[in-house]
Structure formats: C-alpha cells, structure tokens
**Student:** 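A single structure is presented below for examination.
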Amino acid sequence: MSSEESSNEQKYVIYDMELLSKLIVGIGEVAEITGVPTRKIRYWEEKGIIKSVQEADGSTRRYDYVNIKKIVLVQELLEDGYTLDTAAKKVEDRIKNIDDVFQKIALQTLEPS
DNA sequence: GTTCTCACA
DNA sequence: TGTGAGAA
C-alpha cells in the first residue's frame with residue numbers, strides 16, 4: 001500500500017475486538033503475512049521494540065494483535081526512511097496517544113459526573 | 001517448523 | 001540494520 005490506490009477496493013473491517021485481542025499467531029505466519037522475515041522479527045524483538053508472548057511449554061514465539069500491528073507500523077516507517085529506533089519510538093508514541101484517547105473516552109462515558 | 005549464536009555486510 | 005550458516 002504505497003500511496004494512492006484509494007477507491008474501489010472494498011476492505012473488511014474487523015470490529016470484534018474481543019476476538020481480535022485473542023488472535024495470537026506464530027512467528028512463521030506473521031512473517032508470511034506481513035512480509036517481514038522471521039529473522040528480522042527476532043532481531044526487532046532482540047532490540048526490544050516488539051515483544052512476543054510465550055506459551056509455557058512451547059519455545060516458539062507467538063505474537064498478539066498489538067505486536068503484529070507494531071511490526072507492520074515499524075516496517076512502514078522504515079520504508080519511509082526512519083531508523084529502527086526512531087520508528088520504534090514513533091510507534092510507541094502513536095499507540096500511547098491512542099490509548100490515552102480511549103482512556104479518556106472510557107472515563108468520561110463510564111463515569112459521567 | 002522453531003531456537004540460538006557468531007560472524008559478516 | 002539486517003543476514004547467513006551451523007547446530008540443536
């Protein structure tokens with residue numbers, strides 16, 4: 001999705017957050033789907049910019065919705081010429097901002113004064 | 001298929 | 001910043 005392939009493609013929007021938050025896939029599938037090689041994913045994790053959730057017995061890395069999203073975002077920023085560190089920082093900031101917004105919304109709607 | 005580490009670009 | 005290769 002480089003630039004302006006805007007109109008005719010109909011996209012599916014997943015709005016079942018409950019299900020979305022439970023999507024956890026292995027590194028192989030993440031690599032295949034996102035186009036980021038497993039080697040690079042491990043490298044990023046080693047750098048601390050993403051983290052995998054580990055099941056007790058298995059040794060294979062598995063990634064949840066948030067981290068898969070990070071992988072995609074970081075990759076886009078890298079393609080735009082950012083360094084890995086700055087890309088990671090921008091991703092963290094964006095996620096934090098979004099979290100803050102929904103935190104405020106949640107507080108306002110769940111605890112109306 | 002996955003893991004790690006060392007070395008190299 | 002990322003890969004290759006070998007070994008487990």
Side-chain angles (χ1 to χ4, degrees):
Chain A
M1 305 144 202
S2 355
S3 32
E4 31 212 333
E5 310 144 19
S6 30
S7 30
N8 285 338
E9 288 286 345
Q10 176 73 31
K11 303 266 181 170
Y12 292 97
V13 177
I14 301 178
Y15 45 88
D16 189 340
M17 304 305 255
E18 196 115 17
L19 178 117
L20 207 52
S21 62
K22 292 189 173 177
L23 282 183
I24 297 178
V25 307
I27 186 174
E29 298 221 35
V30 176
E32 187 178 356
I33 295 172
T34 63
V36 181
T38 62
R39 198 68 177 70
K40 196 184 286 189
I41 295 177
R42 292 194 204 98
Y43 177 66
W44 289 356
E45 180 166 9
E46 186 183 340
K47 287 292 196 177
I49 94 178
I50 55 176
K51 60 262 185 216
S52 61
V53 297
Q54 207 99 352
E55 303 241 340
D57 52 337
S59 60
T60 79
R61 290 174 169 83
R62 326 189 95 244
Y63 296 90
D64 61 12
Y65 168 75
V66 172
N67 288 279
I68 295 173
K69 208 164 184 173
K70 282 187 188 176
I71 292 174
V72 175
L73 289 174
V74 168
Q75 187 190 213
E76 288 181 355
L77 291 176
L78 287 181
E79 287 172 354
D80 283 348
Y82 292 96
T83 69
L84 194 56
D85 285 336
T86 57
K89 189 186 189 310
K90 292 178 77 73
V91 168
E92 289 302 319
D93 287 345
R94 289 175 64 181
I95 291 178
K96 184 186 182 307
N97 286 335
I98 293 174
D99 284 347
D100 286 348
V101 167
F102 279 102
Q103 180 70 18
K104 289 174 184 172
I105 292 175
L107 286 178
Q108 196 166 84
T109 59
L110 295 180
E111 298 179 14
S113 43

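All chains are named by letter (A, B, ...) in the order of the sequence lines, taking the proteins before the strands, and each is independently numbered beginning at 1. All values below come from the heavy atoms of this structure, side chains included, with hydrogens, waters and symmetry mates left out.
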**Student:** Given 3.5 Å as the limit, does a donor-acceptor pair link the side chain of A:Thr86 with the main chain of A:Tyr82, or not?
**Tutor:** no
**Student:** Over how many whole Å does the gap from A:Tyr82 atom OH to C:dG2 atom P extend?
**Tutor:** 16 Å
**Student:** Is A:Asp85 salt-bridged to A:Lys89, cutoff N-O under 4.0 Å?
**Tutor:** no
**Student:** When rounded to the nearest 0.5 angstrom, what distance separates CD1 in A:Ile71 from CD1 in A:Ile50?
**Tutor:** 4.0 Å
**Student:** In the 5'-to-3' direction, what one-character label does each nucleotide of nucleotides 3-9 of chain B receive under the scheme B = base within less than 4.0 Å of a protein heavy atom, S = sugar-phosphate only, - = no such atom?
**Tutor:** BSBB---
**Student:** At what distance, to the nearest 0.5 angstrom, does CD1 of A:Ile68 lie from CG of A:Leu73?
**Tutor:** 12.0 Å
**Student:** So, does A:Asn67 use its side chain to make a donor-acceptor pair with the main chain of A:Ser52 at under 3.5 Å?
**Tutor:** no
**Student:** Could A:Lys96 and A:Asp100 be called an ion pair, given the rule that one side-chain N must be under 4.0 Å from one carboxylate O?
**Tutor:** yes
**Student:** For the pair made of CD in A:Glu32 and P in B:dG1, what is the distance, rounded to whole Å?
**Tutor:** 9 Å
**Student:** Could you give me the stems involving DNA chain B, meaning stretches of three or more consecutive Watson-Crick or G-U wobble pairs whose two defining distances are both below 3.5 Å?
**Tutor:** B:2-8 with C:2-8
**Student:** Between C:dG2 and A:Trp44, is there an OP1 or OP2 to side-chain N/O distance shorter than 4.0 Å?
**Tutor:** yes
**Student:** Between the side chains of A:Glu45 and A:Lys51, is the shortest nitrogen-to-carboxylate-oxygen separation below 4.0 Å, so that they form an ion pair?
**Tutor:** no
**Student:** Rounded off to whole Å, could you give me the OH-to-P distance for the A:Tyr43 and C:dT1 pair?
**Tutor:** 6 Å
**Student:** Step through the shown structure and confirm whether more than 12 heavy atoms of other residues, nucleotides or ligands are within 6.0 Å of CD on A:Glu32.
**Tutor:** no
